[in-house]
Amino acid sequence: MTALPGKPASNSVQSGSDQLLAVSPGEKLQRARQARKLEVTEMAQRLNLSPGVVRALEADDYRILPNATFVKGYLRSYARALEINGDELVRAYEAITGCSEAVKVEPIAAPMISDTRRNQRKVLLALGLLVVLGAGLWIGVAENDPVSDAASVDSSSALERETGVPAVDPVAEHVNPPVVVTRSQSTDAEVIASVEATDEPVEAESTTVNEPALVPVETVQPVTDAAVQGTVVETVQPVPVTVEPVVSAPVPVAPALSPAAEPAAATSPATTDGTGLVNLRFQGECWVEVRDRSGRMVFSALKRAGEEETLRAAIPIHVKLGNGDVVSVRYNHQPVNFTTRPDRKVVRLTLGE
Amino acid sequence: MLKRLRGMFSTDLSIDLGTANTLIYIKDRGIVLNEPSVVAIRQQNGQKSVAAVGMDAKRMLGRTPGNITAIRPLKDGVIADFHVTEKMLQHFIHKVHENSFISPSPRVLVCVPCKSTQVERKAIKESALGAGAREVYLIEEAMASAIGAGLPVEEASGSMVVDIGGGTTEIAIISLNGIVYSDSVRMGGDKFDEAIVTYVRRNYGSLIGEATAERIKQEIGCAYPGRELLEIDVRGRNLAEGIPRSFTLNSNEILEALQEPLSQIVSAVKSALEQSPPELASDIAERGLVLTGGGALLRDLDRLLAEETGLPVIVAEDPLTCVARGGGKAMELMDKRGFDMFSVD
């Protein structure tokens with residue numbers, strides 16, 4: 001015999017229980033039996049139970065009875081023998097003992113289930129991390145791709161040089177590169193000075209243009225990135241007019257810049273507001289996509305031989321060319337060198353990084 | 001490896017792969033599937049494909065055109081058609097993982113008759129693996145039904161369970177988480193239906209289908225003469241005239257029809273009691289035996305067995321789902337204490 005844990009003793013019906021417990025199952029059975037003038041022994045014989053079990057059922061003394069499965073069965077059999085509703089008795093019994101089938105269904109391993117779920121969550125988290133790492137690696141590999149590498153190196157080197165090469169196209173005419181560098185850096189310094197003394201920006205600009213060839217390299221002061229950007233603006237501006245008039249022509253802003261009254265920083269092709277000027281010349285058919293810093297598509301078209309496109313966008317500018325062999329790219333009037341592989345004509349450039 | 005990955009997105013299942021019905025229990029969720037073990041196969045251009053499974057297929061039983069065959073892939077509790085069983089299991093496993101975006105690969109516990117042969121068990125195991133299960137454990141139906149019925153199987157006292165399924169009746173005496181005695185007779189709900197079909201043909205000269213016989217059994221079938229007489233109107237094809245005829249059957253007639261299969265169950269139970277060790281027999285005599293399975297729902301079957309054995313006979317709560325629920329509980333116990341606890345090979 002097993003006793004149900006926490007089972008109340010006979011007639012210990014809780015006061016808070018509902019109407020079902022107004023008359024306990026045992027009491028109901030006892031009354032029904034007595035109404036039919038049946039003895040306990042007679043009833044026990046009919047049910048194949050011992051008289052002790054019948055008495056315990058009638059007294060609601062479940063401690064001496066086997067577990068709930070059996071007690072419910074006995075109650076149903078007893079109720080059927082007396083032609084009363086057995087389900088009601090079972091519900092009353094469940095209310096007293098608190099052992100319902102719903103509780104019995106999953107009694108065993110609740111903590112273990114939560115452990116399993118926690119483990120699953122951990123595994124999922126690890127998987128997520130792996131995916132992120134994998135994506136990072138993939139992007140890294142893609143960036144190390146020779147084509148894009150060359151392009152990015154070229155563009156970044158172009159960016160480094162851009163400050164000091166206003167009029168020089170290394171392909172078209174190699175005009176004393178060392179001087180160019182010197183001049184650019186010196187102009188940077190000059191521009192910083194001119195920005196600080198904002199009274200006469202135009203004059204400052206004119207000095208920077210005149211001076212570069214004269215200032216030796218040793219005298220060049222270190223210049224910050226911001227200053228470099230500023231200087232690009234200052235020094236490049238005269239170039240379109242002098243060396244490459246064709247390039248500057250399509251840019252609507254450029255002509256307006258020439259008046260000396262305008263502040264140089266605001267009017268130059270590459271301004272301090274974080275934008276850059278890209279010029280694309282097509283010697284053959286090629287599709288092109290240009291995106292700005294935010295990834296927004298600035299320009300997308302299929303261009304034919306002889307066509308040209310100049311546009312300004314927030315740096316870094318991402319340029320994608322369908323056939324790199326037939327396009328010459330200039331960034332802030334500075335040619336951008338890149339190579340294409342025989343098996344891969346598509347070129348991705350990042351300008352102004 | 002891939003199965004393990006898919007397994008992380010699957011839940012452990014306890015499957016009662018029954019001759020008549022297949023039930024699936026998931027811990028925390030309870031019984032999630034209860035469908036007839038029937039598959040409708042369509043044959044087109046020499047190729048076979050599954051037309052319907054479960055309830056939809058059962059509606060087709062006996063009503064199919066030439067190119068569709070509705071079959072029950074299990075017979076007498078074991079696999080009769082391996083490939084169709086595999087397809088059916090695959091369908092059910094996917095059905096209970098409907099929300100999963102990855103093909104499920106759960107751990108599965110399947111209940112098998114205790115007298116099934118090695119070959120039959122192997123077939124069930126392979127079938128479940130073929131249906132996408134990651135790991136398959138087998139447990140004897142009687143043990144699962146005892147756990148599902150809430151019997152104190154872990155105690156050092158005898159508990160007797162009689163599980164009357166569609167194809168077999170499992171009888172077992174259990175103590176200390178093990179089966180002391182078990183027997184399986186190929187007698188169950190299907191045989192009850194067959195007996196009703198035979199009775200109607202013999203006494204009314206009419207032919208009725210198995211589905212009709214099952215309806216008669218469920219509505220007016222009884223195992224012990226009761227006070228009230230129940231009746232049902234039935235239509236069947238008259239064998240002499242060849243046209244459908246309507247007639248009325250009552251519960252006493254069905255009781256008479258079921259005498260033969262019922263007596264086999266009674267004798268199997270008596271045989272089990274005879275062979276049980278005296279200490280366990282004493283426990284059983286004191287507490288009684290428990291009926292589970294769909295057959296336990298036959299009206300007054302407990303009274304018949306109580307009358308025949310002189311023991312208290314109890315019908316378990318929700319007897320139809322005892323095996324699946326017990327399998328689920330067993331799986332949880334096995335998770336805790338090791339998988340050699342209940343599982344059989």
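Every chain is numbered from 1, with letters handed out A, B, ... down the list of sequences.
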**Message:** I'd like to check the side-chain contact (heavy atoms from CB on, under 4.5 Å) partners of B:Leu229; sequence neighbours left out, ordered by chain and number.
**Reply:**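 Once residues adjacent in sequence are excluded, the partners of B:Leu229 under the side-chain contact (heavy atoms from CB on, under 4.5 Å) criterion are B:Asn250, B:Ser251, B:Asn252.
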**Asked** Given side chains that start at C-beta, do those of A:Asn67 and B:Glu155 come closer than 4.5 Å, heavy atoms only?
**Response**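 SC-SC contact between A:Asn67 and B:Glu155 ruled out.
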**Request:** Please tell me if the side chains of B:Asp302 and A:Arg76 come closer than 4.5 Å, counting only heavy atoms from C-beta onward.
**Result:**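 Result no, sub-4.5 Å side-chain heavy-atom pair not found.
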**Message:** With rounding to the nearest 0.5 angstrom, report the CG to CZ distance, A:Leu47 to B:Arg303.
**Reply:**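 A:Leu47 atom CG to B:Arg303 atom CZ measures 10.5 Å (nearest 0.5 Å).
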**Asked** From A:Glu94 CD over to B:Glu317 CD, what is the distance, rounded to the nearest 0.5 angstrom?
**Response**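 Answer for the CD-CD pair, A:Glu94 versus B:Glu317, is 6.0 Å.
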**Message:** Is B:Ala316 close to chain A through its backbone or its side chain, or both, or neither, when contacts mean heavy atoms under 4.5 Å?
**Reply:**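 For B:Ala316, no heavy atom lies under 4.5 Å from chain A.
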**Prompt:** Is chain A contacted by the side chain of B:Val290, its backbone, both, or neither, given a heavy-atom distance below 4.5 Å?
**Reply:**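 For B:Val290, side-chain heavy atoms alone lie under 4.5 Å from chain A.
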Looking only at heavy atoms, which two atoms of [X] and [Y] are closest? And how far apart?
| X | Y | answer |
| --- | --- | --- |
| B:Pro312 | A:Tyr74 | CB-CE2, 4.1 Å |
| B:Ile314 | A:Thr69 | CG2-O, 3.8 Å |
| B:Leu311 | A:Asn48 | O-ND2, 3.0 Å |

Heavy-atom neighbours of [X] [atom1] exceed 12 at 6.0 Å:
| X | atom1 | value |
| --- | --- | --- |
| A:Glu39 | CD | no |
| B:Glu279 | CD | no |
| B:Glu154 | CD | yes |
| A:Arg46 | CZ | no |

**Prompt:** Is chain B contacted by the side chain of A:Ser50, its backbone, both, or neither, given a heavy-atom distance below 4.5 Å?
**Reply:**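 No part of A:Ser50 comes within 4.5 Å of chain B.
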